[in-house]
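A quick note: this is a predicted structure, and the numbers were derived from the prediction, not measured.
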Amino acid sequence: QSLKAELRFPFRDRREPLTSALPKKDALFTALTGESLESLPRHLPVVATVTGTDEYGVKVKLTSQGGLMGQIKKQDINDSDLQACDNDLDKMFRVGQSVSAVIAVV
């Protein structure tokens, strides 16, 4: 049987396609970052370093969680602090500045 199949379909791979062995999102996150979703201190203060700003908010890099990247959205920043800086995030934050942040969503 296998000899006939090889002659009819040369170089055909008879193995099942590799779909069930792909890692799940949680396992992939842990493999890439070294953190699990349970080990991240959600709703607790963490220290982050500002890497840039844009019209949506502030881009940060967490210093204690293996350098995970994150974003502080503009609507999550205190309104009185934004008004004091004329709604300009570049005046409020500078690259390399350490800020205190809270992990809300992973």
Side-chain angles (χ1 to χ4, degrees):
Q1 282 290 27
S2 62
L3 185 57
K4 285 182 182 180
E6 180 67 29
L7 290 173
R8 287 180 56 207
F9 305 106
F11 307 109
R12 176 187 246 179
D13 192 1
R14 293 183 303 232
R15 296 178 290 185
E16 293 293 322
L18 184 63
T19 56
S20 62
L22 296 176
K24 294 186 171 42
K25 288 183 181 181
D26 295 345
L28 186 61
F29 178 78
T30 302
L32 293 175
T33 64
E35 295 283 339
S36 68
L37 295 176
E38 293 81 26
S39 69
L40 288 174
R42 277 187 245 159
H43 307 293
L44 294 175
V46 294
V47 178
T49 303
V50 175
T51 59
T53 60
D54 56 16
E55 65 269 14
Y56 303 110
V58 182
K59 296 178 182 179
V60 295
K61 182 176 184 179
L62 300 177
T63 55
S64 61
Q65 269 64 37
L68 291 176
M69 301 298 287
Q71 182 178 18
I72 302 172
K73 294 180 181 177
K74 195 171 186 176
Q75 68 244 22
D76 293 335
I77 299 172
N78 191 352
D79 289 335
S80 61
D81 292 336
L82 275 175
Q83 290 173 357
C85 294
D86 299 325
N87 290 332
D88 188 11
L89 293 175
D90 289 328
K91 289 182 182 177
M92 191 172 184
F93 299 99
R94 66 182 188 286
V95 174
Q97 177 182 355
S98 292
V99 295
S100 180
V102 175
I103 298 174
V105 178
V106 178

Inset, instruction - Spell out, as yes or no, whether a donor-acceptor pair under 3.5 Å connects the side chain of Asp86 to the backbone of Asp88. - result: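 Not at all, since once roles are kept as given, no pair shorter than 3.5 Å links the two residues.
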
Inset, instruction - Please say which of Val99, Val102, Leu62 ends up in a side chain to side chain contact (heavy atoms under 4.5 Å, CB included) with Val46. - result: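 Only match with Val46 under side chain to side chain contact (heavy atoms under 4.5 Å, CB included): Leu62.
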
Is there side-chain contact between [X] and [Y], with at least one heavy-atom pair below 4.5 Å?
| X | Y | answer |
| --- | --- | --- |
| Leu89 | Leu82 | yes |
| Thr53 | Met92 | no |
| Val58 | Ile77 | yes |

Heavy-atom closest pair, residues [X] and [Y]:
| X | Y | answer |
| --- | --- | --- |
| Phe11 | Glu6 | N-OE2, 3.6 Å |
| Ser98 | Val47 | CB-CG1, 4.5 Å |
| Val60 | Ala48 | CB-CB, 3.8 Å |

Inset, instruction - Flag yes if more than 12 heavy atoms outside Lys59 fall under 6.0 Å of its NZ atom; otherwise flag no. - result: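 Counting neighbours around NZ of Lys59, 12 or fewer heavy atoms of other residues, nucleotides or ligands fall under 6.0 Å, so no.
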
Legend entry - CG on Asp76 to CD on Gln71, rounded to 0.5 Å: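 CG of Asp76 is found 9.5 Å from CD of Gln71.
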
Inset, instruction - Measure the CG-CG distance between Asp81 and Asn87 for me, rounded to the nearest 0.5 Å. - result: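 Answer for the CG-CG pair, Asp81 versus Asn87, is 11.0 Å.
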
